[in-house]
Amino acid sequence: MSVLLSNWSKHVRTVPSSYVLPQEKRPGNLISAPVCKSIPVIDLGQLGRLDRAGVLQQIMNACQDFGIFQVINHGVSEELMEDTMSLFKEFFDMPAEELAEYCSEDRTKSFRLYTSVEVRKLSMRVLDLICEGLGIEMGYFGNEISKVQGLLVNHYPPCPDPSLVLGVRGHCDPNLLTLVQQEVHGLQIFKDGQWAGVEPLPHAFVINICNQLEVVALWKAQQSYLRRSLAKTQLSVAIPRYIKGQKVTCTSRAPLTTPTLGSRHVEDMMASYQPGLRGMVISNGKLKSAQHRVVTNTSVARTSLGTFIDPCMECVIEPAKAIVSESYPPLFKSYQYKEFIEIYMDKAYRRSTAVELLKLQA
Ligand SMILES: O=C(O)CCC(=O)C(=O)O
Ligand SMILES: [Fe+2]
């Protein structure tokens with residue numbers, strides 16, 4: 001089975017030329033980028049105790065500042081996480097002939113693992129916490145936007161020269177939310193102009209804010225902002241909503257309820273307040289997806305388990321028509337998730353620009 005890298009890579013001493021990246025795309029010495037100690041590690045065990053507001057604040061700050069964070073005491077059992085990782089490590093250690101039996105070009109073939117059920121619960125819990133942090137109704141993401149779930153197991157064998165190759169090139173995930181289980185260094189994020197490692201912590205999940213959450217949360221941030229601005233200006237404004245593939249518009253009038261955003265977020269909003277809706281709205285589109293990549297190493301294989309929460313392809317993401325006005329145009333084009341994926345997969349564009357391309361011109 002020459003197609004299976006994990007089988008023949010044990011015997012190679014130099015990187016085969018087909019894997020060597022062009023000079024400008026190589027990680028070079030950056031493979032050993034230092035671990036970023038400031039990526040937040042959030043203890044979800046604190047939620048049941050007194051510090052709920054503090055935990056929510058940490059999550060919102062992490063979503064805005066990093067687009068990535070780790071969670072511990074998250075409710076998925078350590079034993080289950082270890083068993084799942086062992087299962088896949090064993091899988092990749094199988095002899096080529098046995099592995100070959102599981103090979104298929106058909107990506108629609110599926111299987112179900114108990115771990116998927118548990119990780120789904122955690123995903124929805126994290127999404128609900130983000131709802132709470134943004135001041136929107138719980139369960140907001142419990143529809144078509146989170147309907148699809150996939151487990152992607154990446155296996156990176158040791159590499160003779162990691163400076164020439166990348167395990168996965170730099171990208172933002174196109175879906176809604178990704179959860180990664182990892183044991184070995186290799187995952188890096190691009191932060192403040194440089195690559196930095198995401199430390200593998202025992203029994204933690206890395207949570208990645210992905211493109212669709214960035215887009216939806218931007219709208220929701222608008223909505224939260226609009227609530228505030230309504231309270232100030234006593235305007236009546238139509239609010240964009242994205243629900244179940246339907247165009248939904250709800251018109252709200254001041255005074256509206258106090259949102260539950262963390263105080264830092266509120267302060268940021270207030271600090272950047274400018275009369276006129278638009279400037280303020282843009283300055284609050286802060287949830288961002290993290291650009292990340294994976295580097296290899298010479299000594300030890302790395303297996304990562306990625307759970308991807310995706311919208312279904314037909315899911316429509318759009319601002320309500322009612323928000324379109326001369327004074328307050330929408331920030332995003334309305335699109336179906338499949339349109340986004342088409343752009344994302346199109347080699348003519350850089351993947352990282354897909355969100356930008358769907359933004360309407362100012
Ligand atoms: O292997 C990892 O840690 C992450 C892989 C990844 O970014 C992806 O599959 O999208
Ligand atoms: Fe990724």
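For ligands, and for the atoms within them, numbers begin at 1 and follow the listed sequence.
- Residue contacts with ligand 1 for Thr178 are absent, since no atom lies close enough (heavy atoms, distance under 4.0 Å).
- Closest to atom 3 (O) of ligand 1 by heavy atom, among Arg302, His171, Arg293, Gln182, is Arg302.
- Taking the six-membered ring where the residue is Trp, the centroids of Phe205 and His74 are separated by under 6.0 Å.
- Within ligand 1, the atoms closer than 4.0 Å to a non-hydrogen atom of Ser304 are 1 (O), 2 (C), 3 (O), numbered from 1 in the order shown.
- Between the CG atom in Leu179 and the OG atom in Ser123 there is a gap of 4.5 Å [rounded to 0.5 Å].
- No donor-acceptor contact under 3.5 angstrom links the side chains of Ser104 and Asp106, judged on distance only.
- Counting only N and O atoms by type, the side chains of Ser289 and Glu214 include a donor and acceptor under 3.5 Å apart.
- Ionic pairing of Glu82 and Lys89 is not present here: no N-O contact between side-chain nitrogen and carboxylate oxygen is shorter than 4.0 angstrom.
- In this structure, Asp310 CG and Met313 CE are separated by 6.5 Å, a value rounded to the nearest 0.5 Å.
- Heavy atoms of Val206 found under 4.0 angstrom from ligand 1: none, in either backbone or side chain.
- Side-chain contact of His292 with Asp173: a donor-acceptor pair under 3.5 Å is present, judged by distance alone.
- Residue contact check: Asp173 has heavy atoms under 4.0 Å from atoms 10 (O) of ligand 1.
- Residue His292 has at least one heavy-atom neighbour below 4.0 Å for each of these atoms of ligand 1: 7 (O).
- With the Fe ion (ligand 2) as the vertex, OD1 of Asp173 and NE2 of His171 span 90° to the nearest 10°.
- In this structure, atom 9 (O) of ligand 1 lies nearest to the protein heavy atom Asn154 ND2, 3.1 Å.
- Here Cys172 fails the criterion, with no N, O or S atom under 2.8 Å of the Fe ion (ligand 2).
- Each of the following atoms of ligand 1 lies closer than 4.0 Å to a heavy atom of Tyr156: 1 (O), 2 (C), 5 (C).
- Of all atoms in ligand 1, listed by their number and element, those nearer than 4.0 Å to a heavy atom of Phe308 are 8 (C), 9 (O), 10 (O).
- In this structure, Met60 CE and Ile130 CD1 are separated by 6.5 Å, a value rounded to the nearest 0.5 Å.
- His292 contributes atom NE2 as its closest N/O/S atom to the Fe ion (ligand 2).
- For ligand 1, the atoms lying closer than 4.0 Å to a non-hydrogen atom of Leu152 are 9 (O).
- A side-chain N or O of Asn175 and one of Thr178 form a donor-acceptor pair less than 3.5 Å apart.
- Distance from atom 4 (C) of ligand 1 to its nearest protein heavy atom, with residue and atom name: Val294 CG2, 3.7 Å.
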